[in-house]
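Report on the following structure.
Start at 1 with the first residue, then count along the sequence.
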Amino acid sequence: MTLTLEAIRILDTIDRKGSFGAAAVALDRVPSALTYSVRKLEDELDVLLFDRRGHRAKLTPAGQELLNEGRHLLRAAAELEQRVKRTATGWEVELRIVLDALIPFERMMPLIDEFDSQNAGTRLRFSTEVMSGVWEKLLDGEADLAIGASYDGPELIRGSSGFRVRPLGEVEWVFAVAPDHPLAALPDPLPAEIVQQHRAVAVGDSGRMLPGVTAGLLTGQPTLTVPTVRDKLAAQLAGLGCGYLPRKWAQPHLDSGALVEKQTDAIKPGGAPQYAWRTDGRGKCLKWFLAKLAEPQAQQMLLGADAMRKNK
């Protein structure tokens, strides 16, 4: 008899029930069958697993170590069984979704809540990247679905039948500065050579292999690079730099006077956000999210105004 899940299950039940007799009842076995199984396992391992002195079956240190590790195997086996059953119904075990930093995770929460009503059991795993980093996750097979990916993506995606790309919607950009920023008092439109003299706040491209992408920056312009769009907004509210922001993020602060909108001669950021997916994923979970992302209401929610507010 080799070490099996059944043997571990017997040890686990004896330990939890406190005796061979109680474990036999729980497992619908006769006590002698459990005694035989344990003794055979002890002989093959050449260790004593239970201290049989007293009324309660007590594990020896060796037996406790075996059971501690064995319980990990029991849990893994149970999870594997559930995954196999889930896969047979067409639902993925896990769906990996990468978001561009333009889309805060909280914007996905209503969709997640709605998806939960499907009772699919699919694990959702989210990550956040910026610009080319989003495409890399998809290309490397580390994500099944990308949401908010900007620009056209690498040729390997655009020219491959292994990926599909669809528009998510449009983003209107506004050049904004804090009221006490030097650019705030200058007349519109701001010449590019004037803007270039002032530090821009930019979200850093998180790509590691693909060529980096910059948006809304002028050649030679000093730059403060931050991790997310929320950080960019915070930095511009603090007067630490200038730059373009999604209007729906900036509008509450423009209305309150915490930011000032300026017109410029510079070209605004391009690249409408898109959602993209790997075509080798055909599970029901991916299909559900794709159907939702095609709905205008969901697109507006994902690209809508950020809930962040800053003190004036």
Side-chain angles (χ1 to χ4, degrees), residues 1-99 105-106 108-128 137 140-145 278 280-289:
M1 174 182 178
T2 56
L3 183 60
T4 64
L5 290 175
E6 178 62 20
I8 297 171
R9 191 172 289 109
I10 289 172
L11 296 182
D12 175 62
T13 307
I14 295 171
D15 182 61
R16 288 187 292 103
K17 296 298 182 180
S19 70
F20 281 69
V25 173
L27 294 172
D28 196 22
R29 307 270 291 275
V30 296
S32 59
L34 266 62
T35 300
Y36 173 80
S37 296
V38 171
R39 287 195 182 280
K40 187 170 179 59
L41 182 59
E42 288 177 326
D43 289 342
E44 294 188 355
L45 295 176
D46 195 24
V47 296
L48 189 66
L49 299 176
F50 281 98
D51 182 349
R52 291 169 175 80
R53 295 172 298 182
H55 297 290
R56 182 178 177 86
K58 183 179 179 181
L59 287 165
T60 63
Q64 190 65 61
E65 178 66 17
L66 174 60
L67 184 55
N68 289 344
E69 295 301 318
R71 280 171 172 157
H72 294 307
L73 297 176
L74 291 177
R75 285 192 291 270
E79 291 175 2
L80 176 59
E81 182 180 349
Q82 291 300 315
R83 290 200 298 268
V84 169
K85 291 179 179 178
R86 195 176 303 130
T87 301
T89 66
W91 292 100
E92 301 93 324
V93 174
E94 180 177 82
L95 187 71
R96 300 161 301 170
I97 301 174
V98 57
L99 304 176
F105 172 73
E106 56 263 30
M108 290 295 303
M109 290 183 180
L111 286 182
I112 296 171
D113 185 55
E114 189 175 350
F115 174 72
D116 285 346
S117 66
Q118 303 295 311
N119 293 316
T122 299
R123 294 195 303 262
L124 301 177
R125 183 183 296 274
F126 285 86
S127 59
T128 298
K137 280 275 190 178
D140 294 343
E142 297 180 15
D144 308 297
L145 173 63
R278 301 178 65 89
D280 55 6
R282 300 184 180 89
K284 291 181 179 179
C285 182
L286 176 60
K287 292 178 180 177
W288 188 92
F289 274 96

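The CG atom of Asn119 lies 7.0 Å from the OG atom of Ser117; values are rounded to the nearest 0.5 Å. Atom CD1 of Ile97 and atom SG of Cys285 lie 6.5 Å apart (nearest 0.5 Å). If you take CG on Leu67 and CD on Glu69, they are separated by 10.0 Å, rounding to the nearest 0.5 Å. In this structure, the separation between CG on Leu59 and CZ on Phe50 is 4.5 Å, given to the nearest 0.5 Å. Rounding to the nearest 0.5 angstrom, the gap separating the CG atom in Leu66 from the CZ atom in Arg71 is 10.5 Å. Ile112 CD1 to Leu124 CG: the interatomic distance, rounded to the nearest 0.5 Å, is 6.0 Å.
Nearest heavy-atom pair, Phe105 versus Leu99, reported as atom, atom and distance to 0.1 Å: CA-CD1, 3.9 Å.
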Using the rule given for side-chain contact (heavy atoms from CB on, under 4.5 Å), can you reason through Arg29 versus Ile10, listing the C-alpha separation, both sets of side-chain angles and the distance that settles it, and then say yes or no?
CA-CA 10 Å; Arg29 307 270 291 275; Ile10 289 172; 4.3 Å; yes

Under the side-chain contact (heavy atoms from CB on, under 4.5 Å) criterion, do Leu41 and Leu45 qualify, and how do the steps go?
CA-CA 6 Å; Leu41 182 59; Leu45 295 176; 3.8 Å; yes

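Taking the side chain as every heavy atom from C-beta outward, Arg9 and Asp12 never approach each other to under 4.5 Å. A heavy-atom distance below 4.5 Å is found between the side chains of Met108 and Phe289.
A donor-acceptor pair is defined here as one N or O able to donate and one able to accept, closer than 3.5 Å; no such pair exists between the side chain of Arg96 and the backbone of Ser127. A donor-acceptor pair under 3.5 Å is absent between the side-chain atoms of Thr13 and the main chain of Ala23, judged by distance alone. Counting only distance, with no hydrogens or angles, the side chain of Glu42 and the backbone of Leu49 share a donor-acceptor pair below 3.5 Å. A donor-acceptor pair under 3.5 Å links the side-chain atoms of Glu92 to the main chain of Leu286, judged by distance alone. Distance alone, capped at 3.5 Å, places no donor-acceptor pair between the Asp113 side chain and the Met109 backbone.
In Arg16, the CZ atom is crowded: over 12 heavy atoms of neighbouring residues, nucleotides or ligands sit closer than 6.0 Å. Heavy atoms from other residues, nucleotides or ligands lying under 6.0 Å from CG of Asp280 number more than 12.
Every residue two or more places apart in sequence or in another chain that forms a side-chain contact (heavy atoms from CB on, under 4.5 Å) with Leu73 is listed here: Leu5, Ile8.
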